[in-house]
Amino acid sequence: MSTRPGLIGMARNGRLDIIAGLLGLLAALALLPVQLFLDDVYVRTLPAVLLTASLLYLIAARSEFPGELPVLSPRMSRLLPSAIVVGCAVLLALAGLMGGRGMIFYYIAAVVGAGLLVLILFVDEEYFSPTLLLFLIILFGVVVRFSALYTTPGYIGIDIWSHAADWSTAIREAGSLAPIDDRKYYAAPLYHLLVVGSSLLLDVPIKTALYLVLGVAMPLSVVLIYSTATFFVEKRWAVFATAIYAMSATVIEWGIHIIPTSLGLVFFLAIFYALDRMLRIDYRPRDFLLVVFFSVAVILTHQISSFIMVVFTGSGLIAYFLISLGVFDIGQGTWKRSSTRESVNLTGLMVFDLGLMTFMWSLTPQSGNSFLVVMMSYLEEAVEAGDTGTVSQGNIPESVLPAPTMMETFVEYLDVLGFLLVLMLTIVGCYYIIRQENISHATFTAVVATVAMLIFVFVFPMLGIRTFVPGRWFPFVAAPMAVIGAIGLAYLVDNTKPSIVLTVLLVFILIFPAASMFSSDSTLESPPFEGTQPRYSYTNAELAAVDAMSQYTAPRDENNTMYWATDHPYQTVFDRTLYWRSISSTEGHGVPIGLYDNSNGFVSGRVGENSEGLEVKNNSDGFIYREYEQSGATVFQLLYNHTSTGQSPQVRPEQVCGGNRDVVYTNEEVTVCTQPGA
């Protein structure tokens with residue numbers, strides 16, 4: 001064992017990684033009181049993650065232990081890949097027999113995921129095969145995603161009903177983009193053109209084409225993480241980065257809720273690879289043109305994804321300027337020979353991306369104006385008075401709001417646990433990268449991009465700014481986090497006492513796959529904790545009721561519009577299907593969310609604004625009740641003194657369709673009723 005100087009001594013000698021690690025410790029302690037002022041799960045957990053990561057890095061930096069981790073026996077090394085394949089087959093059989101994913105499925109999936117990580121981390125070099133491991137990762141990803149996709153009636157999620165069931169279907173029937181000429185995707189139609197084109201080429205329905213093309217592309221695209229990670233770490237750690245990315249809950253989410261964000265994510269991963277390749281090698285013009293090509297593809301696919309792409313590209317330019325300041329000693333001769341070309345190309349790329357994005361956004365229709373103008377106005381409102389896009393709970397006292405149950409608290413932490421574990425390794429990797437002899441333009445770009453993207457994810461929402469839709473950023477930031485996390489783990493393995501790093505690895509293996517498989521994000525269509533996690537899919541009976549509604553709701557003129565009330569998210573299916581648009585309110589509302597009052601029970605109506613705040617604007621004529629409202633985590637608006645907030649009460653059928661209300665339709669799960677005579 002070789003002992004290094006003390007931490008304070010290394011900090012005095014200018015070790016930036018040690019200085020950052022010590023500052024991380026102090027920041028973690030300073031952040032602890034923040035939870036007294038902000039009630040947020042990340043505020044409560046991030047200090048502990050930062051503290052743990054800083055301690056792990058400083059321990060590794062203080063002493064060097066050349067010990068090695070244990071390896072699997074030859075017999076286990078040969079059997080475990082077969083066991084993982086058998087486990088995937090069992091998962092497929094379970095999904096088929098049970099008609100979908102369930103608790104048993106998630107338990108077995110967590111075990112298979114843990115086995116995959118064990119194989120990656122502990123298989124002996126003699127049996128280590130990146131090709132085999134990547135095949136197993138992709139196989140597992142395909143099984144987890146397609147077990148949901150092909151056993152779920154209809155679609156999974158909310159927005160997909162607009163993109164696939166509505167707009168893509170209408171585009172195919174019309175043979176043009178006319179059905180979305182008033183939508184923001186008229187200027188970003190690549191997703192819809194791809195789905196419709198695949199449907200026509202393969203001669204299959206829209207849903208089948210979507211799953212065969214984008215559904216397959218999502219689990220396959222994780223190979224780009226491996227290709228990127230090999231620029232920085234050995235193949236074992238590159239495979240590890242690929243595995244944790246593929247198993248991340250938010251990445252699984254956009255593999256089953258397949259919307260333009262999903263396609264934008266695929267293109268982003270290609271940019272991540274191509275840009276890092278450009279910064280790592282003596283690249284040719286074709287490499288730069290590849291980055292430009294995928295940048296244009298993102299801009300023509302999804303507005304939020306394109307903004308995230310610009311943040312990532314801008315991070316490369318920021319990283320260049322920071323390195324140019326001379327803070328990092330990376331070999332000035334080599335840097336000066338290559339830096340001018342890189343800076344010119346990155347500047348040109350940024351100017352091109354910003355120019356094209358601004359031009360396209362200025363042509364994009366949104367709410368009667370251009371998308372650019374609307375987004376700027378939203379941002380201005382958010383900066384001045386907080387984000388007005390969501391209804392806050394206002395001045396509702398805590399005594400009125402139902403206290404969170406133990407299960408709700410458990411799920412709240414479960415949903416962020418996998419992300420926090422990867423974040424811990426990412427922080428370790430960031431410390432390692434900023435050490436002078438380890439820095440490079442490519443690695444530092446990943447660090448700057450991760451920090452910048454996490455600011456959009458965490459900091460802006462805490463300031464009330466949600467205009468950038470922070471929930472969409474997680475699968476994108478997970479890409480550089482996976483690579484940096486692999487760098488951090490490789491450093492810990494090489495420099496930390498085996499007993500410590502083995503503990504870290506075992507905790508990660510046991511917790512990360514389980515947290516990912518049971519998370520609300522990755523189980524949209526079949527939540528394991530149904531009374532706490534919302535279900536964003538629908539049964540055959542629930543979809544039959546949607547179809548049947550067209551028979552009972554004839555179009556009315558603007559002075560005689562019929563209003564309906566139901567729960568969220570069920571109301572989004574009605575609001576986003578083609579035929580419902582023709583029978584919805586002339587004000588643009590389909591089925592409004594139901595209202596619920598603590599004292600009066602279920603109250604139907606539409607929420608409107610007046611000078612005093614939120615109120616029931618007018619009562620609904622009809623009510624759509626589904627059995628799931630009794631046991632599921634459906635959302636209603638809780639009313640209190642003209643203020644409302646989303647809550648999940650258990651609503652009984654008599655509260656909605658009891659009394660003298662007329663029942664006009666019913667099946668085994670859904671009842672539709674109206675006010676007497678309506």
Got a list of side-chain donor-acceptor pairs under 3.5 Å for residues 193-201, not counting sequence neighbours?
from, atom 1, to, atom 2, distance (Å)
Ser198, OG, Leu194, O, 2.7
Ser199, OG, Arg172, NH1, 2.1
Ser199, OG, Val204, O, 2.6

Run the side-chain donor-acceptor check on residues 209-227: report pairs under 3.5 Å with partners two or more places apart or on a different chain.
from, atom 1, to, atom 2, distance (Å)
Ser221, OG, Ala217, O, 3.4
Ser221, OG, Met218, O, 2.7
Ser227, OG, Val223, O, 3.2

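Heavy-atom contacts from other residues, nucleotides or ligands closer than 6.0 Å to CG of Asp181 number more than 12. Heavy atoms from other residues, nucleotides or ligands lying under 6.0 Å from CG of Leu354 number more than 12. Residue Met103 places its CE atom among more than 12 non-hydrogen atoms of other residues, nucleotides or ligands, all under 6.0 Å distant.
Applying the side chain to side chain contact (heavy atoms under 4.5 Å, CB included) rule to Ser526 yields the partners Tyr106; only residues at least two apart in sequence or on another chain are considered. Qualifying salt bridge (Lys or Arg N to Asp or Glu O under 4.0 Å) partners for Arg626, counting only residues two or more places apart in sequence or in other chains: Glu542, Asp567. Partners of Phe268 under the ring pair (Phe, Tyr, Trp, His ring centres under 6.0 Å) rule, at least two apart in sequence or in another chain, are Phe312, Phe476. Partners of Val143 by side chain to side chain contact (heavy atoms under 4.5 Å, CB included), not counting sequence neighbours, listed by chain and number: Cys88, Leu91, Leu92, Leu139, Ser147. Scanning for salt bridge (Lys or Arg N to Asp or Glu O under 4.0 Å) contacts around Glu412 gives Arg44, with sequence neighbours left out. Asp182 pairs by the salt bridge (Lys or Arg N to Asp or Glu O under 4.0 Å) definition with nothing, not counting sequence neighbours. For Glu253, the salt bridge (Lys or Arg N to Asp or Glu O under 4.0 Å) criterion is met by no residue, not counting sequence neighbours. Checked against ring pair (Phe, Tyr, Trp, His ring centres under 6.0 Å), Phe512 has the following partners two or more places apart in sequence or in another chain: Phe508. By the ring pair (Phe, Tyr, Trp, His ring centres under 6.0 Å) test, Phe371 is found to be paired with Trp361, residues two or more places apart in sequence or in another chain being considered. By the ring pair (Phe, Tyr, Trp, His ring centres under 6.0 Å) test, Phe468 is found to be paired with Phe307, Phe456, Phe460, residues two or more places apart in sequence or in another chain being considered.
Using a distance-only test at 3.5 Å, with no hydrogens or angles considered, no donor-acceptor pair links the side chain of Ser305 to the main chain of Thr301. No donor-acceptor distance shorter than 3.5 angstrom exists from the side chain of Arg576 to the backbone of Ile160, with no hydrogens or angles considered. Side chain of Thr426 to main chain of Met481: a donor-acceptor pair is present (N/O by atom type, distance under 3.5 Å, no hydrogens or angles). Between the side chain of Lys207 and the backbone N or O of Tyr155, no donor-acceptor pair lies under 3.5 Å. Looking only at distances, no side-chain donor or acceptor of Arg101 sits under 3.5 Å from a matching main-chain atom of Ala95. Judged purely by atom type and a 3.5 angstrom limit, Ser168 uses its side chain to pair as donor or acceptor with the backbone of His163.
No side-chain heavy atom of Thr634 sits under 4.5 Å from any side-chain heavy atom of Pro534. Side chains of Asp521 and Ile252 form no contact here, defined as non-hydrogen atoms less than 4.5 Å apart. Using a 4.5 Å heavy-atom threshold, the side chains of Thr208 and Pro205 count as touching. Side-chain contact between Met360 and Leu300 is present, with at least one heavy-atom pair separated by less than 4.5 Å. With a 4.5 Å cut-off on side-chain heavy atoms, Ser295 and Val291 count as touching. Looking at heavy atoms from C-beta onward, Arg535 lies out of side-chain contact with Glu525 at the 4.5 angstrom threshold. In this structure the side chain of Phe419 never reaches within 4.5 angstrom of the side chain of Ser248, judged on heavy atoms. Considering only heavy atoms from C-beta on, Ile84 stays 4.5 Å or farther from Phe140 through its side chain.
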Practice problem: Begin from the C-alpha positions of Val311 and Trp473 and carry the test side-chain contact (heavy atoms from CB on, under 4.5 Å) through to its verdict. | Solution: CA-CA 11 Å; Val311 171; Trp473 291 64; 3.9 Å; yes

Practice problem: Please test Tyr538 against Tyr628 for ring-ring contact (aromatic ring centres under 6.0 Å, His included), starting from the C-alpha separation and ending with a verdict. | Solution: CA-CA 10 Å; Tyr538 310 94; Tyr628 178 67; 8.7 Å; no

Quiz prompt | Chi angles and distances behind the ring-ring contact (aromatic ring centres under 6.0 Å, His included) call for Tyr191, His302 | solution = CA-CA 8 Å; Tyr191 167 94; His302 190 229; 9.3 Å; no

Quiz item: Stepwise, does the side-chain contact (heavy atoms from CB on, under 4.5 Å) test hold for Trp167 with Ser162?
Solution: CA-CA 6 Å; Trp167 300 335; Ser162 292; 4.1 Å; yes

Practice problem: Tell me, with the steps shown, if Ile308 and Val477 meet side-chain contact (heavy atoms from CB on, under 4.5 Å). | Solution: CA-CA 9 Å; Ile308 296 172; Val477 73; over 6 Å; no

Quiz prompt | Chi angles and distances behind the side-chain hydrogen bond (donor to acceptor under 3.5 Å, both in side chains) call for Asp415, Ser520 | solution = CA-CA 6 Å; Asp415 287 344; Ser520 300; 2.9 Å; yes

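Using bins of under 30°, 30° to 60° and over 60° for the plane-to-plane angle, the ring pair Trp254/His257 lands in the parallel bin.
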